[in-house]
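Residue indices begin at 1 and follow the sequence shown.
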Amino acid sequence: MVLVENEKSLRTLAMLRYQADRYQAMGNGSMCQRVNAEIRRLMEKMSAEAKN
């Protein structure tokens, strides 16, 4: 079960990184920042889960 959740998180992370790149390419800085904040939250969550 942990593997499934980890894989789901990695897919979500890849999707968010793609979105951030697209927003940056379009010159939409505020949305890019919002997506990057979500990426940081997900990374912190994954890091905390990995330590347990």
Side-chain angles (χ1 to χ4, degrees):
M1 266 324 195
V2 174
L3 184 60
V4 172
E5 282 197 31
N6 191 28
E7 186 174 323
K8 219 169 146 180
S9 293
L10 289 174
R11 287 177 190 255
T12 302
L13 189 60
M15 178 195 66
L16 289 170
R17 285 183 173 152
Y18 173 78
Q19 286 180 352
D21 289 342
R22 295 292 298 157
Y23 282 128
Q24 187 174 20
M26 290 189 297
N28 192 343
S30 62
M31 281 302 290
C32 184
Q33 287 179 349
R34 289 178 76 185
V35 173
N36 279 323
E38 185 64 31
I39 290 171
R40 283 191 298 277
R41 274 192 290 271
L42 183 58
M43 294 285 288
E44 289 172 4
K45 178 184 170 194
M46 289 172 65
S47 177
E49 289 174 355
K51 290 180 183 176
N52 292 333

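Linking ILVMFWY residues whenever their side-chain heavy atoms come closer than 4.5 Å, directly or via other members, leaves Y18 and M46 in distinct clusters. No continuous path of ILVMFWY side-chain contacts below 4.5 Å connects V4 to L10, so the two sit in separate hydrophobic clusters.
Residue L16 comes nearest to L42 through the heavy atom pair CD1-CD2, 4.3 Å, listed as atom of the first residue, atom of the second, then distance. In this structure, A20 and I39 approach most closely via the heavy-atom pair CB-CD1, 4.4 Å.
How far SG of C32 is from CD of Q19: 10.5 Å, rounded to the nearest 0.5 Å. Taking CZ of R17 as the reference point, atom OG1 of T12 lies at 12.0 Å (rounded to 0.5 Å).
Here the side chain of S47 pairs no donor or acceptor atom with the backbone of M43 at under 3.5 angstrom.
With contacts defined as side-chain heavy-atom distances shorter than 4.5 Å, the pair N6/E49 does not qualify.
Within a 6.0 Å radius of CD in E38, more than 12 heavy atoms belonging to other residues, nucleotides or ligands are found.
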Checklist entry - Does the salt bridge (Lys or Arg N to Asp or Glu O under 4.0 Å) test come out yes or no for E7 and R11, once each step is laid out? => result CA-CA 6 Å; E7 186 174 323; R11 287 177 190 255; 3.0 Å; yes
